[in-house]
Amino acid sequence: MKESFATGSVTADDNVMTGGLVGYNLAGTISNSYATGAVLAGSASFAGGLIGSNIVNGTDSPKILSSYSTGAVSGG
């Protein structure tokens, strides 16, 4: 995914991976992207301003390049 953005807020229940742009990144590359909305996740969740969970799958590592988030993050 490249040159992507999200500006809305995200709210989620418990036990989910919640991000302002992507909830779950499995060995993908995200570049030149951003999220500006707030992220509110349940207490048993993974939460991040840009990505909720960035997970290594085998030998491929997920990459985040030249990307950012500016919204508040709570929960998780």
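Residues take their numbers from the sequence shown, with the count starting at 1.
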Which pairs of donor and acceptor atoms, one on a side chain in residues 67-76, lie under 3.5 Å apart (sequence neighbours left out)?
{"unit_1": "Ser67", "atom_1": "OG", "unit_2": "Asn32", "atom_2": "N", "d": "3.4"}
{"unit_1": "Ser67", "atom_1": "OG", "unit_2": "Ser33", "atom_2": "N", "d": "3.1"}
{"unit_1": "Ser67", "atom_1": "OG", "unit_2": "Ser33", "atom_2": "O", "d": "3.4"}
{"unit_1": "Ser67", "atom_1": "OG", "unit_2": "Leu65", "atom_2": "O", "d": "2.9"}

Atom pair [atom1]/[atom2] of [X] and [Y] - distance to nearest 0.5 Å:
X: Ser66; Y: Lys2; atom1: OG; atom2: NZ; value: 12.0 Å
X: Ser31; Y: Met1; atom1: OG; atom2: CE; value: 10.0 Å
X: Leu50; Y: Ile30; atom1: CG; atom2: CD1; value: 6.0 Å

If you compare all heavy atoms of Ala35 against all heavy atoms of Gly20, which two are closest, and at what distance to 0.1 Å? CB-C, 3.8 Å

Any Val22 side-chain heavy atom under 4.5 Å of Met17 side chain: no

Same hydrophobic cluster for Leu40 and Val16, using side-chain heavy-atom links shorter than 4.5 Å among ILVMFWY?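 No.
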
For residues 5-28, the side chain to side chain donor-acceptor pair (under 3.5 Å) pairs (sequence neighbours left out) are Asn25-Asn54

Does Phe46 have any ring pair (Phe, Tyr, Trp, His ring centres under 6.0 Å) partners at least two apart in sequence or in another chain, and if so, which? none

